[in-house]
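Naming convention: chains lettered A, B, ... in sequence-line order (proteins, then strands); numbering from 1 in each chain.
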There are 2 protein chains.
Amino acid sequence: MKISAAESVVMEALWRNSPLTSEAIMSEVCAPQDWTEGTVKVLISRLVKKKAVAAKADGRRYLYSPLLSRRDYVQGESQGLLDRLFDGRLAPLVMHFSDGDTLSDEDVAALKALVERIGK
Amino acid sequence: MKISAAESVVMEALWRNSPLTSEAIMSEVCAPQDWTEGTVKVLISRLVKKKAVAAKADGRRYLYSPLLSRRDYVQGESQGLLDRLFDGRLAPLVMHFSDGDTLSDEDVAALKALVERIGK
DNA sequence: CGAGATCGATGACAAGTGTCAACAAAGACA
DNA sequence: TGTCTTTGTTGACACTTGTCATCGATCTCG
């Protein structure tokens with residue numbers, strides 16, 4: 001099942017640290033996103049229904065943990081973008097950014113080091 | 001205005017080749033997407049309303065051309081992904097793929113060549 | 001025990017999306 | 001001229017998303 005943008009904010013909180021109570025989740029995401037508690041509650045419920053997070057009973061409340069790993073999520077999103085826009089390949093994406101002037105010197109250095117390490 | 005997934009299929013047709021009549025667009029996208037003409041007509045209308053494509057009158061019909069460049073669209077989508085998932089930087093994305101085994105030898109070679117060209 | 005707080009579930013609603021059919025205007029051709 | 005076809009506009013409908021409030025059960029503390 002697909003995870004929406006708002007839902008992914010909740011997932012990020014759980015990926016940083018889990019399990020969490022709904023209270024903890026809210027204290028992490030409410031302020032930055034300017035959301036009320038009601039909003040976050042619904043997002044959590046929907047994620048549970050989508051089986052993206054597990055809710056383990058702990059007394060009267062639940063402890064929530066991700067069932068979907070961040071790695072898998074990132075993989076799906078990234079591959080989706082590559083497939084849709086870059087014919088499924090990574091190099092054209094990198095080329096796109098290098099053609100613009102969006103790459104800082106640091107970025108270039110990091111890329112260089114990375115590619116060397118891969119090639120090894 | 002945001003371009004939806006279905007709409008982007010129509011945009012791709014126009015980016016490949018424009019201007020196009022609605023008939024030409026339909027003959028390009030209907031079959032692969034399994035869409036009826038009605039569906040494509042609405043997608044075109046919505047794109048015009050969103051000012052993502054221009055409709056120039058040509059007798060009783062219109063000739064459609066993109067107003068949004070593929071480059072700008074790709075830039076927006078790609079940057080959005082980087083911002084959401086990789087802290088806005090490109091290297092972590094590349095690292096993600098190199099950590100998996102999704103990169104072919106060709107991909108690695110292409111990246112290597114690319115990075116060298118950038119570093120020049 | 002009873003009042004208040006907590007927490008999840010549910011209902012609600014507007015906007016956007018995917019999908020399609022019906023309609024109207026305008027040409028084309030018999 | 002009258003009918004058929006083409007093409008864009010509209011209406012329609014179900015589903016998802018973002019956003020929030022209310023309800024009901026349960027827990028806690030005086």
Side-chain angles (χ1 to χ4, degrees), chain A residues 1-14 18-68 73 76-77 80 84, chain B residues 1-14 18-68 73 76-77 80 84:
Chain A
M1 193 83 76
K2 191 87 185 78
I3 305 244
S4 77
E7 287 162 358
S8 81
V9 172
V10 171
M11 291 304 292
E12 290 286 355
L14 287 170
S18 76
L20 290 180
T21 64
S22 67
E23 192 196 359
I25 295 176
M26 293 190 290
S27 79
E28 252 193 274
V29 304
C30 271
Q33 303 289 323
D34 210 60
W35 282 340
T36 68
E37 298 186 354
T39 299
V40 180
K41 285 182 191 177
V42 172
L43 292 178
I44 296 174
S45 297
R46 287 179 182 169
L47 284 168
V48 170
K49 183 167 304 170
K50 287 183 181 183
K51 302 223 197 297
V53 326
K56 174 163 35 183
D58 171 55
R60 67 213 146 288
R61 58 171 83 186
Y62 287 117
L63 290 180
Y64 299 99
S65 335
L67 284 177
L68 173 68
Y73 175 71
E77 295 288 302
R84 280 193 303 118
Chain B
M1 192 86 72
K2 189 87 186 79
I3 305 244
S4 78
E7 286 162 0
S8 80
V9 172
V10 171
M11 292 302 291
E12 289 288 352
L14 288 170
S18 75
L20 291 179
T21 65
S22 65
E23 191 194 2
I25 294 176
M26 294 191 286
S27 77
E28 252 193 275
V29 303
C30 271
Q33 303 289 322
D34 210 62
W35 282 339
T36 68
E37 298 186 355
T39 299
V40 181
K41 286 181 192 177
V42 172
L43 292 177
I44 296 174
S45 296
R46 289 180 180 169
L47 284 167
V48 171
K49 183 168 305 172
K50 288 182 182 184
K51 303 225 198 294
V53 325
K56 172 163 36 183
D58 171 55
R60 68 220 143 289
R61 58 172 82 186
Y62 286 117
L63 291 180
Y64 299 99
S65 335
L67 284 177
L68 172 68
Y73 174 71
E77 295 287 304
R84 278 194 303 122

Ile25(B) CD1 to dT6(D) P: how many Å, rounded? 17 Å

Nearest whole angstrom, please: distance from the P of dA9(C) to the CG of Leu43(A). 14 Å

Greater than 12 external heavy atoms within 6.0 Å of Gln33(A)'s CD: yes

For the side chain of Val42(B), starting at C-beta, report the closest nucleotide among dT19(D), dG11(D), dT7(D). dG11(D)

Closest to the Ser22(A) side chain, choosing from dT19(C), dG8(D), dC7(C): dC7(C)

Glu37(A) CD to dT10(C) P, in whole Å, measures 19 Å

Given dT19(C), is OP1 or OP2 found less than 4.0 Å from the side-chain N or O atoms of Trp35(B)? yes

Under a 4.0 Å threshold between the charged nitrogen and the carboxylate oxygen, would Glu7(B) count as salt-bridged to Lys2(B)? no

Can you tell me the distance, in whole Å, between the CE atom of Met26(B) and the P atom of dT7(D)? 7 Å

To the nearest 0.5 Å, tell me how far Lys41(A) NZ sits from Ile25(A) CD1. 12.5 Å

So, does Lys49(A) get its side chain near the phosphate of dT16(D), meaning an N or O under 4.0 Å from OP1 or OP2? no

Atom pair distance, as rounded to whole Å: CD1 in Ile44(A) and P in dT17(D): 17 Å

Return the CE to CD1 distance between Met11(B) and Ile44(B), rounded to the nearest 0.5 Å. 11.0 Å

Is there a donor on the side chain of Arg46(B) or the base of dT10(D) sitting less than 3.5 Å from an acceptor on the other? no

Separation of dT6(C) atom C1' from Tyr62(A) atom OH, nearest Å, is 14 Å

Within the pair Ser4(A) and dG18(D), is there a side-chain N or O less than 4.0 Å away from OP1 or OP2? yes

For atom CD of Glu7(B) and atom C1' of dG18(C), their distance in whole Å: 10 Å

In whole angstroms, how far is the C1' atom of dG16(C) from the NZ atom of Lys2(A)? 16 Å

Can you find a donor-acceptor N/O pair under 3.5 angstrom joining the side chain of Arg61(B) to the base of dT9(D)? no

Quick note, Ala6(B) side chain, CB onward, closest among dT7(D), dG18(C), dA9(C) is dG18(C)

If you pin Leu63(B) and Thr39(A) to their nearest nucleotides in DNA chain D, which one's is more 5'? Leu63(B)

I want to check one thing: is the phosphate of dG8(D), taken as OP1 and OP2, less than 4.0 Å away from some side-chain N or O of Tyr64(B)? yes

Tell me which nucleotide among dT17(D), dG18(C), dG11(C) gets nearest to the side chain of Ala5(B). dG18(C)

Between atom NZ of Lys56(B) and atom OH of Tyr62(B), what is the distance when rounded to the nearest 0.5 Å? 13.0 Å

